[in-house]
Amino acid sequence: MLPTATERRTTPGSFDELIAAEQRIEPRDEMPEAYRTTLIRQIAQHAHSEIIGMQPEGSWISRAPSLRRKAILMAKVQDEAGHGLYLYSAAETLGVDRSELLDKLHSGRQKYSSIFNYPTATWADVGAIGWLVDGAAIMNQVPLCRCSYGPYARAMIRVCKEESFHQRQGFEILWTLARGTDAQRAMAQDAADRWWWPALMMFGPPDSGEAASGGHTEQSMAWGIKRFSNDDLRQKFVDMTVPQAQKLGLSLPDPDLRWNDERGHYDFGAIDWDELWRVIKGDGPMNAARISHRRRAHDEGAWVREAASAYADKTAARAKGAVA
Ligand SMILES: CC(C)(COP(=O)(O)OP(=O)(O)OC[C@H]1O[C@@H](n2cnc3c(N)ncnc32)[C@H](O)[C@@H]1OP(=O)(O)O)[C@@H](O)C(=O)NCCC(=O)NCCSC(=O)Cc1ccccc1
């Protein structure tokens with residue numbers, strides 16, 4: 001019988017045995033260095049995406065069309081900050097420091113999701129982000145609740161619950177606009193047209209073919225980090241989202257999108273992989289603005305970090321004094 005997580009702290013089980021038995025790997029368990037670095041890379045990118053992802057919608061908080069919409073949007077953007085903090089904490093269990101990860105984000109040595117390098121031109125974009133971007137995020141993250149690394153999997157459970165709410169609020173914004181004036185309907189359609197293809201790119205490069213990256217999927221699936229390939233998740237997303245677009249009364253900008261009875265899935269058109277690689281490499285419409293805003297926010301927040309550390313030191317010293 002395999003040892004429990006508590007027993008493993010003193011008698012580490014074999015990593016391969018635990019993975020084969022679909023058991024969780026915990027921070028103090030032995031793990032191959034490559035497993036650890038893959039997790040740090042993915043969790044850090046995920047955390048960076050959450051905090052950079054606050055910007056596109058954050059810019060609409062002061063311009064939301066009603067007090068109700070403003071309160072909901074503020075709560076959503078705050079949730080994203082919370083997801084980032086969860087994820088940085090999960091990464092820290094692997095022996096890295098969050099300041100080191102932030103430094104890598106600011107200097108372009110670590111990535112964040114391509115999707116946040118597109119502008120939010122109108123209020124309908126806030127709806128499209130909730131509906132499509134959170135919708136894609138959930139499709140990708142629900143399987144991560146079963147990821148082999150315990151702290152990441154556990155963080156994903158709460159994150160997914162909150163993302164489901166985010167997805168519904170985005171859908172509801174578009175539902176309202178699609179039933180509004182002609183101008184509001186046109187605004188909703190324009191947002192769906194602009195966000196559809198970038199949302200499909202969020203799932204990453206294709207599994208095979210010329211645009212495939214020779215990436216991490218195979219190894220990550222063998223380690224139980226990824227549970228589905230990029231293309232499988234993309235297909236699930238398309239199958240889930242097309243009927244939702246029909247309910248909204250919005251079209252999707254793909255003339256090749258149609259149900260395939262034989263496959264039991266929607267067929268869809270070719271994705272512009274050059275665009276994804278351009279955006280990943282830093283040449284998307286908003287890459288420079290996103291990073292410079294993030295650097296400025298970090299610099300301007302230095303006093304908060306200093307005050308928090310001073311307070312923590314003081315509290316620790318007081319507790320020590322009380323014990324002595
Ligand atoms: C599926 C994938 C994203 C990529 O699979 P992997 O096995 O890791 O890699 P793969 O071999 O397939 O790719 C080869 C290379 O291409 C990179 N690359 C690929 N795709 C992208 C891309 N789209 N953008 C940028 N880079 C991308 C990839 O890193 C790798 O480069 P590397 O070798 O590292 O230099 C995986 O990391 C994952 O599931 N992450 C966790 C989920 C997550 O991060 N979600 C965040 C968004 S949701 C959110 O934030 C919530 C929210 C909603 C609304 C508002 C605010 C917030």
### Message
Can you tell me how the ring of F237 sits relative to the ring of W196, calling it parallel under 30°, perpendicular over 60° and tilted otherwise?
### Response
parallel
#### Entry: Side chain D256, main chain D267, donor-acceptor under 3.5 Å
no
### Task
Let me see the working for M286 and Q55 under side-chain contact (heavy atoms from CB on, under 4.5 Å), right down to the final yes or no.
CA-CA 10 Å; M286 298 298 285; Q55 293 184 35; over 6 Å; no
### Task
Decide yes or no for W195 and T120: does some side-chain heavy atom of the first lie under 4.5 Å from some side-chain heavy atom of the second?
yes
### Message
Looking at Q78, I want to see if its CD is surrounded by more than 12 non-hydrogen atoms of other residues, nucleotides or ligands under 6.0 Å.
### Response
no
### Message
So for atom CG, which belongs to D182, do other residues, nucleotides or ligands contribute more than 12 heavy atoms lying within a distance under 6.0 Å?
### Response
no
### Message
Under a plain distance cut-off of 3.5 Å, with no hydrogens placed, do Q189 and S251 share a side-chain donor-acceptor pair?
### Response
yes
### Query
Just wondering, are more than 12 heavy atoms of other shown residues or ligands nearer than 6.0 Å to CZ in R158?
no
### Message
Please enumerate all residues that pass side-chain hydrogen bond (donor to acceptor under 3.5 Å, both in side chains) together with W259, with sequence neighbours excluded.
### Response
D261
### Query
Looking only at atom types and distance, does a side-chain atom of R68 sit under 3.5 Å from a main-chain N or O of P65, one as donor and one as acceptor?
no
### Query
More than 12 heavy atoms of other residues, nucleotides or ligands under 6.0 Å from CZ of R168: is that the case?
no
### Summary
With sequence neighbours left out, the residues meeting side chain to side chain contact (heavy atoms under 4.5 Å, CB included) with A91 are I43, V96, L101
### Query
Is it true that the side chains of S99 and D97 contain a donor and an acceptor less than 3.5 Å apart?
yes
### Message
Please check this pair: side chain of E50 against backbone of A47, looking for a donor-acceptor N/O pair closer than 3.5 Å.
### Response
no
### Task
Report the C-alpha distance between T176 and Q184 in whole Å, list the side-chain angles of each, state the deciding distance to 0.1 Å, and finish with yes or no for side-chain contact (heavy atoms from CB on, under 4.5 Å).
CA-CA 9 Å; T176 307; Q184 285 170 325; over 6 Å; no
### Task
Please check if atom CD in E218 has more than 12 non-hydrogen atoms from other residues, nucleotides or ligands closer than 6.0 Å.
no
### Query
Of the non-hydrogen atoms in W123 and M187, which two are nearest, and what is the gap between them?
N-SD, 4.4 Å
### Task
Without swapping roles, check the side chain of D239 against the backbone of H265 for a donor-acceptor pair under 3.5 Å.
no
Show the atom names and distances, to 0.1 Å, of all donor-acceptor pairs under 3.5 Å that link a side chain in residues 126-143 to residues at least two apart or in another chain.
unit_1	atom_1	unit_2	atom_2	d
W131	NE1	Q244	OE1	2.9
D134	OD2	K76	NZ	2.9
Q141	OE1	H46	NE2	2.8
Q141	NE2	E163	OE2	3.3

### Task
Would you please say whether a donor-acceptor pair under 3.5 Å links the side chains of S229 and R234?
no
